[in-house]
Amino acid sequence: MTDLDSAVWPMSVSRSAEGVLAIGGTDARALAAEYGTPQWVVDEADFRARATAFRESFEAAFAPLGAAVDVYYAGKAFLCTAVARWVSDEGLRLDTCTAGELAVAIRAGVPGAHIGVHGNNKSDGEIARALDYGVGRIVLDSTAEIARVADAAAERGIRAAVMLRITTGVHAGGHEFVATAHEDQKFGVSIAGGQALAALQGILARPELELLGIHCHIGSQIQDVAAFEATARRMLELRAALAATTGVLVPEVDLGGGYGISYRPGERGLPIELAAQAIAETVGTVCQELGTPVPRISIEPGRAIAGPSTFTLYRVGVVKPVTLEDGTVRMYVSVDGGMSDNPRPIMYGSEYTAVIANRVSRAAPVLCRVVGKHCESGDIVIRDIQLPGDIAPGDLLAVPGTGAYGRSMASNYNLVPRPPVVAVREHTSRVIVRRETVADLLALDVG
Ligand SMILES: *Cc1c(COP(=O)(O)O)cnc(C)c1O
């Protein structure tokens with residue numbers, strides 16, 4: 001069956017002899033029957049393989065430079081204890097950016113040394129928890145945080161390992177990137193006007209802080225490796241400038257996440273092995289130009305690990321033909337979820353694909369719009385898609401590429417309980433995040 005483009009579906013997905021979508025050897029109809037719809041279905045082997053591919057590709061690319069690489073999975077893409085264990089098993093570390101994400105990492109037993117803590121507005125409680133758990137690094141996001149983290153470390157009689165988030169002027173995402181000198185966004189400290197250099201000197205002046213290095217993250221869904229190369233150059237130049245003014249050559253540089261994936265057939269994600277090689281080559285060249293040794297490198301992929309590992313399984317409800325002004329008909333296909341489980345279309349205009357999961361159809365395709373069940377006309381899952389003309393209430397619809405920023409950004413809009421995440425592996429399935437219930441929602445309402 002050829003309706004499943006391997007670039008957008010988890011690797012174990014196929015069509016069974018009867019034409020039913022199967023994942024990890026488990027039939028989509030059986031998953032729907034056992035766990036209900038909607039549900040997110042994650043292919044555990046696929047998730048682990050993508051995590052490993054990042055680690056191995058970057059380690060291999062940097063090995064000739066004699067540089068070690070740490071891969072931090074960006075937990076904000078999708079985090080639960082099972083996922084924290086998967087990435088730890090595969091030799092990755094974990095990035096968190098709130099007390100909630102840190103709590104999941106701690107519950108999963110991720111060692112403090114393997115946890116990074118981000119955030120542009122960390123609370124005192126978050127800083128305290130991070131220090132008390134002994135996280136490997138806190139990424140300072142502003143000059144104000146220097147004193148706050150240093151004071152909190154002093155109170156505990158410890159030294160806190162920190163990095164400084166740098167805004168490099170390179171912004172990327174989608175198919176383009178721009179590099180500018182000046183910054184107008186909330187994250188980090190700008191290289192422009194010597195601001196980053198001054199902040200780094202401020203960190204070095206506090207003996208309670210151990211400056212591990214400099215950190216950046218330039219955007220998300222980046223398709224063009226040139227954006228990472230431009231960023232690496234700016235970061236390494238800053239590192240050399242700091243060494244020139246203070247004599248301190250920081251040992252680490254973090255180049256962030258943002259690796260793009262394909263959401264629809266024909267789209268091209270960023271090939272990880274090639275990206276790793278290109279970035280390593282740039283780092284090697286620039287370090288040679290600057291006469292500085294190659295730093296330890298870290299990267300922080302989220303979407304490119306979690307996104308393609310998962311699809312959302314919906315049940316089709318109302319199917320309604322709507323005649324447009326030009327006389328053509330658009331079929332509105334309503335599913336039992338929508339913007340509460342996938343806010344990306346309404347937030348970013350993101351586009352997805354879908355297939356009927358419970359059968360193959362030979363009916364001629366018709367123009368469809370897949371919509372959710374929320375009280376909002378913008379509640380669209382897929383704006384324009386050709387689906388078989390016999391699509392009908394009761395069919396299962398699978399939408400791939402929903403593993404990142406789906407469950408993690410899901411809401412309870414219209415008091416819709418959030419769907420479960422079901423992990424499949426070698427003919428078995430299990431719930432790793434259970435379905436929310438109306439009772440859960442009512443429990444929050446204390447009158
Ligand atoms: C969001 C984020 C990431 C991950 O981005 P992806 O696009 O999911 O790879 C990494 N690092 C930081 C600091 C982030 O904010």
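Nothing here was measured: the structure is a model prediction, and the numbers come from that model. Order of appearance sets the numbers: ligands from 1, and atoms from 1 within every ligand.
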Item to complete: Consider ligand 1: state whether an atom of it lies below 4.0 angstrom from any non-hydrogen atom of Pro301.
Response: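 The answer is yes, since Pro301 has a heavy atom less than 4.0 Å from ligand 1.
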
Discussion item. If you measure every N or O of His215 against every N or O of ligand 1, does any of those distances drop under 3.5 Å?
Written reply: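 No: no nitrogen or oxygen of His215 is under 3.5 Å from one in ligand 1.
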
Discussion item. Can you confirm, on distance only, whether ligand 1 has an N/O atom lying under 3.5 Å from any N/O atom belonging to Ala77?
Written reply: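 Between Ala77 and ligand 1, no N or O pair is found under 3.5 Å apart.
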
Item to complete: Flag the pair Tyr73 / Phe47 as yes when their ring centroid distance falls below 6.0 Å, and as no otherwise.
Response: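 Yes, the ring of Tyr73 comes within the 6.0 Å limit of the ring of Phe47, centre to centre.
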
Discussion item. Please report whether the ring centroid of Phe228 lies less than 6.0 Å from that of Tyr259.
Written reply: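 Yes, ring centres under 6.0 Å apart.
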
Practice prompt. Under 4.0 Å, heavy atoms only, figure out whether ligand 1 is touched by the backbone of His217, its side chain, both or neither.
Written response: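 It is the side chain that gets close, since no backbone atom is under 4.0 Å.
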
Worksheet item: Is there side-chain contact between Val355 and Leu397, with heavy atoms separated by less than 4.5 Å?
Response: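 Side chain of Val355 against side chain of Leu397, heavy atoms only: no contact under 4.5 Å found.
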
Give the residue and atom name of whichever protein heavy atom lies nearest to [atom], and the separation in Å to one decimal.
atom                    : result
atom 7 (O) of ligand 1  : Ser220 OG, 2.3 Å
atom 11 (N) of ligand 1 : Glu300 OE1, 2.6 Å
atom 8 (O) of ligand 1  : Tyr405 OH, 2.5 Å
atom 14 (C) of ligand 1 : Lys76 NZ, 2.8 Å

Worksheet item: Which option, Gly260, Gly307, Gly258, owns the non-hydrogen atom nearest atom 9 (O) of ligand 1?
Response: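 The option holding the nearest heavy atom is Gly258.
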
For atom [atom1] of [X], is the number of surrounding heavy atoms from other residues, nucleotides or ligands below 6.0 Å larger than 12?
X      : atom1 : answer
Glu273 : CD    : no
Arg107 : CZ    : no
Glu237 : CD    : yes

So if I count the atoms of ligand 1 from 1 in the order they appear, which ones are less than 4.0 Å from some heavy atom of [X]?
X      : answer
Arg165 : 13 (C)
Arg303 : 6 (P), 8 (O), 9 (O)
Ala74  : 3 (C), 4 (C), 10 (C)
His118 : 13 (C)

Worksheet item: With Arg129, which residues qualify under salt bridge (Lys or Arg N to Asp or Glu O under 4.0 Å), at least two apart?
Response: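 Arg129 satisfies salt bridge (Lys or Arg N to Asp or Glu O under 4.0 Å) with no residue once adjacent residues are dropped.
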
Worksheet item: Does a salt bridge link Arg15 with Asp3, judged by any charged N lying under 4.0 Å from a carboxylate O?
Response: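 Yes, charged N to carboxylate O under 4.0 Å.
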
Discussion item. Could you tell me if Arg303 sits above the aromatic ring of Phe78, with its cationic atom closer than 6.0 Å to the ring centre and no more than 45 degrees from the axis?
Written reply: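 Relative to the ring axis of Phe78, which defines the angle, Arg303 lies outside at least one limit.
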
